[in-house]
Structures are given as structure tokens and as C-alpha cells.
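The structure appears below as C-alpha cells.
Proteins get letters first, then strands, A, B, ... in listed order; numbering begins at 1 in each.
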Amino acid sequence: MSSSHPSADAARAEAQQFQKQFEAIRAEVAKMMVGQADVIEGVLTALCAGGHVLLEGVPGLGKTMLVSSLGRAVDLSFSRIQFTPDMMPADVRGTSVLVETEGGGHQLTFEEGPIVANLVLADEINRATPKTQSALLEAMQERQVTVGRKTIKLSEPFCVMATQNPVEQEGTYPLPEAQLDRFLFKLVVGYPAEHEYKTILNRTVGSEEVELRPVSNAEQLIAMRRTVRAVPVPEHAESYAVRLVMATQPKSTYAPTLVNRFVSLGASPRGAQSLLLGAKVRALLAGRFSVSTQDIRAVAKPVLRHRVLLGFEGLSEGVTADQIVDEVLAKLAVPNERSGATGDVALGAAH
Amino acid sequence: MSPDSRSKAPRGLGGDLSTSSTSPRDRLRADLDQISSGAAHTLEDAARRVGLRRELVRALPWLALVPLLHIGLQLLRWMTGGEPRLMSPWAALALGAVVTALWAWLTAGERPTAAVGRRVAIGAVDRQLGLEERLVAADEFLGRRAPTGFERAAIEDAADRSSAARDTQLALAESSLTWRGRAGLVCAAGLTLTLISLWVARLTPRAARPGGATADALVAAGGPLDEVARAAHETPPEAPLEKTPVATPEPRERPRAAEARRAESAADLSDSIKESAGKTGAGRSSGAQSSSAASDSESAPSSKGQESESAQEQPKSAAKTPRRPKPPKDAPPPPEERDEESGATAGKGSSKGSNQNPTASDWQSKDQVTDIDEQDVEADEEVDDDEEEQENRGGVQPSLRDRRPPVSRDLQIGFGNRPNPDANGRGGPSEQKKSRGVASLVLGVPVPDRVKGRPGPGPTKVTQERIEPEAEEAAPRPAATGATRARPVEGLGAPDLDPGLRALVRDYFLGRRNRPRS
């Protein structure tokens with residue numbers, strides 16, 4: 001380890017182990033989940049970075065199956081909460097119940113809710129009311145649950161993977177901004193390709209059953225998270241992440257016209273943290289030992305799309321958050337790229 | 001290179017990166033110095049070239065300006081009677097090119113070239129080689145006093161690639177300025193001007209023209225050919241004479257246009273007056289209508305005055321356009337003009353309003369509102385009736401027009417669940433103050449219960465028991481028993497609005513939003 005006597009060999013070994021573990025989990029999940037490679041990588045990235053994931057997609061695309069497969073591939077305590085409109089916060093956090101003791105008396109005992117687990121699948125989270133959705137706030141940010149005077153520390157690794165249907169659908173409640181900001185990534189699950197349909201049908205309609213085995217555990221996952229945290233961020237990459245987040249805030253120095261016109265609320269500092277954490281995982285997967293601006297650009301969309309709140313005019317014009325992020329990425333200058341007098345000089349093709 | 005391959009080929013840097021004398025760290029630093037200096041030099045050269053090209057584009061107009069100036073000088077000289085040939089037009093063109101180049105070179109030299117920073121230079125090589133900022137990051141990590149394991153690994157990773165980067169020549173794709181089209185235009189203009197200059201140079205000097213000199217001499221002498229010479233100098237007078245027949249049909253059309261315009265304005269005026277007449281006539285009583293029927297004639301003095309003014313103005317306008325045919329005074333006006341004027345300027349509508357004042361005004365229309373008059377009449381009749389009643393009672397009593405029914409003191413509870421319609425909150429059957437009023441102090445007066453409905457069942461006891469879930473067996477329902485869908489599922493698309501309706505809604509809300517809040 002690189003804690004007391006940091007050495008390059010130890011770092012390389014850590015990085016190698018990280019890659020190996022990551023690939024093993026990905027391969028195991030891919031046995032069940034057909035296609036959706038980007039989504040699988042995003043989910044695993046968030047798991048390794050110590051963040052939570054919000055999966056959005058129309059019903060039937062395998063969001064729930066992806067998370068449950070991940071729970072089986074990673075040997076973690078897995079809990080599933082099916083959010084419904086009549087659900088209450090106590091159904092998530094737990095509550096004190098009166099239990100009859102052996103002597104015939106009664107005693108208040110705290111009964112833990114399903115949130116107390118390593119991997120929590122919050123299925124169709126936007127079917128519950130915002131009151132119930134808010135029950136996750138403390139757990140997601142501070143890794144603890146407080147009920148009355150009782151505070152329960154959640155065991156690491158703790159990860160909430162929520163799925164939601166598009167907000168426009170019937171019977172859904174949009175997630176509050178405070179909760180959206182707590183998700184590291186928002187991944188959009190799309191329809192599979194044509195050739196993937198056949199594989200899906202073969203696996204699901206036939207008699208063949210796919211068995212998933214655990215290829216990792218909590219200790220390994222914690223070590224992976226430690227490795228991610230150890231990846232250094234150069235100054236130029238850090239400032240680029242900060243400018244990227246500031247560019248999503250209307251009336252800021254780096255905000256392009258589209259942001260000033262259509263965005264009412266930009267990303268918070270938590271967005272910059274998420275950018276760097278996601279970029280670190282990506283750098284490790286790319287075989288690098290430091291973060292580059294390309295890594296930040298690669299994770300910008302899943303990190304920022306749910307942190308950009310469109311204003312009335314943006315909604316009426318049909319502008320999406322992805323378009324805003326694309327515009328920000330296109331307009332924001334990357335550090336170490338020459339501008340001004342030699343702005344007309346561009347690099348030729350790489351040799 | 002992946003961490004896997006890196007671990008297979010350890011470089012022996014480990015923890016002694018900072019202590020080894022011939023460490024790759026120093027080598028990397030030297031390589032990066034070389035890379036940055038070379039790349040910075042290349043970038044600055046490229047920037048200089050781009051700047052010069054930009055100034056060249058800006059100076060391109062000189063290529064046409066110099067031949068133009070040459071032509072101007074040639075013409076000036078020719079006008080003053082000199083020889084128009086100053087210098088060779090081709091030489092002027094060449095001079096323009098020289099001036100263009102000189103101007104661009106001087107202005108580009110005056111502009112300071114920004115120095116390329118070390119990171120920018122290394123970053124350019126980084127991008128060219130596709131190293132994903134390994135060199136830039138390593139350059140930064142080299143400056144840290146106590147690098148972490150990952151920073152050391154990043155430095156070693158970059159050191160592996162620095163030798164290749166050092167030998168790489170930075171290739172820059174200088175973006176093409178949009179100067180080709182402009183340069184082509186300017187060159188064409190320069191060539192054209194040169195040709196014009198050539199033609200001007202072939203002009204004969206004015207002093208050498210034979211005819212002109214003889215005529216001038218004759219004019220100066222004032223001899224018998226004076227008139228002829230003047231005629232030769234002056235412009236021929238045919239031009240104004242030729243224009244006269246062309247102008248003749250114009251007066252015929254002008255009165256028609258003027259008449260049409262007058263007819264239009266009269267029609268507009270008549271419409272507006274008709275409208276006002278309609279408004280004023282809306283509340284007329286039948287008597288007013290009948291009495292004003294006699295004044296429907298064209299004898300309104302104000303309108304007549306206007307008519308006579310217009311009649312007086314017509315000869316003036318006719319005097320301004322002399323060729324306009326003057327209509328006879330006795331001739332009656334055209335029928336359509338008469339019809340329009342009859343409603344517009346003759347004041348028919350205005351005189352309909354009242355028999356007191358023939359002119360239309362708002363005051364009249366207010367006076368003519370029938371229902372108000374009728375209300376006044378009815379009110380007067382009521383007052384008269386009251387006075388008659390008071391006189392019958394034996395004297396004049398205070399006016400009882402504002403009298404109200406007395407406060408009801410009925411203490412009944414109400415009309416079922418409905419509130420008492422006579423509730424006034426003044427100690428009467430008011431639900432709000434009944435319990436606090438005098439009635440609540442009186443024994444035996446029933447105070448209504450405010451809680452409607454059945455009383456609560458009392459406290460309930462809820463006990464929770466731990467019960468293990470038990471599986472319940474249910475008979476499977478065969479799928480065949482389910483009914484088939486009668487019709488296909490319809491489209492489930494989002495109910496988007498039409499573009500027009502959507503824009504309308506958007507404009508409405510934007511307008512509401514932009515409106516200042518009171």
C-alpha cells in the first residue's frame with residue numbers, strides 16, 4: 001500500500017488489482033445483462049467510487065435485473081425496496097415496535113428498515129411520495145440512519161441504486177433536488193440493439209438458467225474504493241472540473257449562452273467531487289495513474305445531467321439537460337490548449 | 001500501457017526516485033525541458049505565421065487602392081490639361097503589391113507574440129501523441145516534494161514515453177483563413193483598375209483637342225462665330241422640351257387619384273360618424289327619434305360649413321395644378337360622392353341624436369339613455385308614493401327608503417344542518433356568537449352541539465405481534481381462462497401539443513412572466 005512508504009510498484013499493483021476485480025464483476029454481470037455496456041460500466045464505476053446511482057429508463061429494460069445481478073456478483077448484503085405511493089419513511093428506515101417480553105411485559109424494540117444493507121435497490125423510487133423519498137437523504141450522504149434518538153451507522157460499502165421511470169409517466173413524483181444531488185451518476189438505460197434482442201430472448205424465454213456467482217466481496221470493494229481515492233488529480237484537470245461545474249451555473253463566468261438562457265439551477269460542489277471520483281475510476285481503467293481532462297469529459301454527462309435544473313423557458317423549448325452539458329463541453333476551453341493569438345493553430349492528426 | 005504491463009517490467013524506480021543520481025526522474029525532466037522548448041518554438045513560429053497571414057489579409061485592399069490612386073492622379077492631371085500618363089499602370093500594380101506586403105509585415109511585427117507556456121507546449125505534444133496528458137501530469141508531479149505512489153507511477157509511466165515525445169516534431173494544422181476569395185476579388189479589382197489606368201493613359205490631353213481650342217479662341221475673341229461657339233458649349237435645349245409631352249397625362253390621373261383619396265377618407269369619416277350615430281342613437285326614446293326625424297336633412301350648420309370649406313379649397317388645389325380640368329360650379333357632384341358625403345359630412349347621424357342640439361356629442365348620448373331615464377322616472381314615482389303615504393299618515397316622516405327588516409331574535413337552532421339564513425352575528429340566531437351572547441346565559445336555552453355526527457368510538461388498543469410469514473397455496477389460474485384483448489393497444493405516445501398551440505402557450509406564459517408584478 002502506498003500509505004506509509006509510497007512506492008510506484010505498490011501503486012501499480014493496486015491499479016492492476018483494481019482492473020482485475022472490475023473486469024471480473026463486469027463479466028459476471030454481463031452474463032445476465034445483455035448489452036448496455038455503458039450502463040454496466042457506469043454502475044460499477046459508481047460502486048467503486050463510493051457513490052450512488054440513479055438508473056432511468058422505461059419499464060422492461062432490465063434496470064432492476066442489472067442491480068440485482070450486481071448484488072449477486074458482489075457478495076454484499078442486498079436489500080430491495082419496492083417504492084409505492086402509500087409507502088412511509090418508517091418503511092424505509094425502520095421503526096420502534098412494542099415487543100412482548102418473556103416476563104409478560106412489553107418493550108420497545110427498534111426494527112431496522114431495509115435501508116440497513118450494503119447494496120440497496122430502491123426500485124421505482126419515484127413512485128413514492130417525496131416524503132418517503134427523503135427518507136434516503138441521510139443514509140445516502142452520511143451513511144447513517146436516525147430514528148428518534150437512535151442512530152444507526154450503516155456498514156461500508158453502502159450503495160443505493162435507484163431505478164426510476166421517466167418523470168413524465170403517470171403516477172410518478174419527481175425526486176427532490178437535494179436527493180438528486182446525492183446520486184453520483186444518473187444513467188439512462190436505452191433500448192437494446194437488434195442483435196441483443198435475440199440474446200435476451202434466448203436467455204429469458206428458454207429453459208436455460210444463468211447462474212451468477214459472487215466474484216468479489218465487501219473487503220475487496222473497500223480496497224477498490226481506497227485505490228480510487230489514491231489516484232492523483234493534476235492541477236489542470238482539477239481546475240477543468242471546477243470550471244465545468246461553474247459553467248452549468250447561470251450567470252457564472254464560464255456559463256455559455258444556452259446555460260444563461262435555459263438553466264435555473266446548476267451543479268453544486270458535490271458535482272465537482274463526483275466528476276473527479278468518476279474520472280479517477282476511468283483513469284484506472286484506462287491504465288493511467290492520474291486523471292486527465294478526457295476522463296472528466298467522459299463522465300460529465302452522467303454526473304451533471306441530473307444536477308442541471310432547467311428553467312421554464314428551457315422546458316417550454318424542449319431543451320434537455322444533456323444538450324446543456326454538451327454545450328458546456330463544447331464551449332469550455334480545455335486547459336493547456338493554446339488560445340488567443342495562436343487560436344488558429346490546431347494540432348494535426350496524432351502520429 | 002496498462003498497469004498490468006507496467007508491473008511486468010519494473011523499472012527499479014520504486015521509492016528511490018528522488019535520491020538516485022541518474023534517476024529517470026532527472027532524465028524525464030530533461031526530456032520535458034527539451035520537449036517544451038521545441039514545442040514552444042514551433043508554436044510561436046506558427047503563431048507568427050498566422051499573425052502575418054492575418055495582417056496580409058487585412059492589407060489586401062492596398063493591392064487595389066494603389067492602382068485606384070494612380071487612376072485618380074491620372075484623371076486629375078488630364079483634367080488640368082496635362083499628360084495623363086504618370087507611370088506605367090503595371091508598375092502601379094506592382095507598387096500596390098509591395099505596399100501590401102510591407103504593410104502586413106510592419107503591422108505583424110508591431111503585434112507582440114504571446115509566449116507559449118511550458119504546460120501548453122507539453123500539452124500540445126501530449127495531444128499529438130495521444131498520451132492523454134501523461135506528460136503534463138508527470139511534469140506537475142515532478143515538482144512535488146513528496147510524491148505518492150501513484151504520482152511516482154505516473155512519472156515512470158511518462159518517462160517511458162518521453163523519449164518518443166522528444167523526437168517527435170510537432171505537426172500543426174494551421175487553419176486556413178478565409179482569404180482566398182477575398183484575395184481573388186482584390187486581385188481582380190487591381191487588374192481591372194490597372195486596365196482602366198491603361199485606358200486613361202491613352203486619353204488625349206484636353207489642351208490638345210482641336211475643336212475645343214478653336215471654339216474657346218472664338219469665344220474669347222467675341223467674333224461672328226460667337227453664337228455658334230456658345231451653342232457648341234452649352235447643352236442642347238432639346239432635353240426639357242422632350243419631357244413636356246410625357247408629363248401631359250399626369251394631370252388627368254392626379255384628380256382621379258385625389259378624388260379616390262377623398263372618397264376613401266370620406267368613407268372612413270362616414271363610418272366613424274355612423275358608428276357614433278349608432279352609439280348615440282342606441283338609447284334614444286321613441287319620442288326623441290320622432291322629433292329628430294325632422295332634422296335628418298342635410299341642414300346641419302357645422303357640416304355645411306365643412307362642405308363649403310372643402311368647396312373653397314378645391315379651386316385652390318386646382319390652381320396649384322393648372323392642367324387639372326375644372327368642374328363646372330353648377331354641375332351636381334357625382335352620385336357615389338354624394339352618397340358617401342350624405343352620411344359622413346352632412347351631419348345626418350349627429351342630428352338624429354336629439355331634438356335640442358343637432359350636433360353629435362357624448363353628452364347628448366348620455367342624456368338619451370332610455371333606461372336611466374326610466375329609472376329616474378320610476379324613482380320619482382316611488383318618492384311621490386312615499387310622500388303621499390306620509391301625508392295620508394298625517395305628516396311628513398323621515399325617509400324610509402333605507403329601512404331594513406329588524407334583527408330577528410328567533411332562537412331556534414337552525415334549519416337542520418344548514419345555517420340559519422337570518423344569521424347576522426348580532427346576538428340573533430348567529431352560530432358564531434350564540435354561545436357567548438345573552439342567550440347562552442339564559443338557563444333552559446338549548447345551546448347547539450357543534451360536533452355534528454356520531455361521537456368517537458373511544459381509544460383503541462393496537463398490539464403488534466411478530467408473525468412469521470406463511471406461504472399460502474393458491475390455485476393457479478390458467479392463462480387460457482383470461483379473455484383476449486378485444487382490440488389492439490392504441491398509441492401510447494406523450495400527448496404533445498401542436499407546434500402552434502405549444503408556441504401560443506409558451507408565449508402566454510412568457511408574457512405573464514415578463515409582466516411586472518404589482
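When heavy atoms are compared at a cutoff of 4.5 Å, Gln17(A) does not approach chain B at all. Only the side chain of Phe141(B) comes within contact range of chain A, with at least one heavy atom under 4.5 Å from a heavy atom of that chain. If you measure heavy-atom distances from Glu140(B) to chain A, the contacts under 4.5 Å come from the side chain alone. Both the backbone and the side chain of Glu235(A) have a heavy atom closer than 4.5 Å to some heavy atom of chain B. Both the backbone and the side chain of Arg119(B) have a heavy atom closer than 4.5 Å to some heavy atom of chain A. Both the backbone and the side chain of His236(A) come within contact range of chain B, with heavy atoms under 4.5 Å apart.
When Asp86(A), Thr172(A), Thr84(A) are each tested for a side chain to side chain contact (heavy atoms under 4.5 Å, CB included) with Arg127(A), only one passes: Thr172(A).
When only modelled atom types and interatomic distance are considered, Ser292(A) and Asp295(A) share a side-chain donor-acceptor pair under 3.5 Å. Looking only at atom types and distance, the side chain of Ser216(A) has a donor-acceptor partner in the side chain of Gln21(A) under 3.5 Å away.
Atom OH of Tyr191(A) has 12 or fewer heavy atoms from other residues, nucleotides or ligands within 6.0 Å.
The side-chain hydrogen bond (donor to acceptor under 3.5 Å, both in side chains) test applied to Asp139(B) returns Arg118(B), not counting sequence neighbours.
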